[in-house]
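Have a look at the structure below before the remarks.
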Amino acid sequence: MSSDDLSKKMSSSAGFQQLLDIALTGDRDRFVDVIESVGLPTLMERDELGNTLLHLTAAVGDLKMTKLLLRFGIPEAAANDCNQTAAMVA
């Protein structure tokens, strides 16, 4: 799945969309800066398919961003609407 396909599926808050856009570019420094402005709860939001940012970065194969999200506390075992974890979509 391409990052463009993932972006088109978003229906969450503007903060979530902003974080997704940055996460998919792999710009970890900017990602951390934006988290400070939108707040940590935004990391727990999901898209219309129940995917977390962790699912979406795993799906495009960005291991460094995926690890960063885990350090911020997104649950590794979180399942989307298809009952898939981030590891399953990677």
Rounded to the nearest 0.5 angstrom, the CD1-CG distance for Ile74 and Leu43 is 5.0 Å
In this structure, CG of Asn51 is separated from CD of Glu45 (nearest 0.5 Å) by 13.5 Å
Quiz item: Is the closest side-chain heavy-atom distance between Leu68 and Val32 below 4.5 Å?
Solution: yes
Nearest heavy-atom approach of Gly15 to Val38 is CA-CG1, 4.0 Å
Heavy atoms, side chains only, cut-off 4.5 Å: are Phe72 and Leu53 in contact?
no
Thr52 and Ala78 have their tightest heavy-atom pair at CG2-CB, 4.4 Å
Looking only at heavy atoms, the pair that brings Ala23 and Thr57 closest together is CB-CG2, 3.8 Å
So OG1 of Thr25 and CE of Met65: to nearest 0.5 Å the spacing works out to 6.5 Å
CG (Leu69) and CD (Glu76) are apart, to the nearest 0.5 Å, by 12.0 Å
- Task: Following the transitive rule for hydrophobic clusters with a side-chain heavy-atom cut-off under 4.5 Å over Ile, Leu, Val, Met, Phe, Trp and Tyr, establish whether Phe16 and Leu40 coincide in one cluster.
- Result: yes
Q) Hey, is the main chain of Gly50 close enough, under 3.5 Å, to the side chain of His55 for a donor-acceptor pair? A) no
Taking every heavy atom of Ala58 against every heavy atom of Ala86, the minimum-distance pair comes out as CB-O, 3.5 Å
With side chains defined as the heavy atoms from C-beta onward, is the minimum distance between Leu54 and Leu70 less than 4.5 Å? yes
Checklist entry - Are Val89 and Leu20 in one and the same hydrophobic cluster, where Ile, Leu, Val, Met, Phe, Trp and Tyr link if side-chain heavy atoms are under 4.5 Å apart? => result no
Heavy-atom distance under 4.5 Å between the side chains of Asp21 and Gln18, does that happen here? no
One should read off an interatomic distance between Thr42 OG1 and Gln17 CD, to the nearest 0.5 angstrom, of 12.5 Å
Side chains of Asn80 and Leu49: does their closest heavy-atom pair fall under 4.5 Å? no
Checklist line | N/O donor-acceptor pair under 3.5 Å between Arg46 side chain and Met44 backbone | finding: no
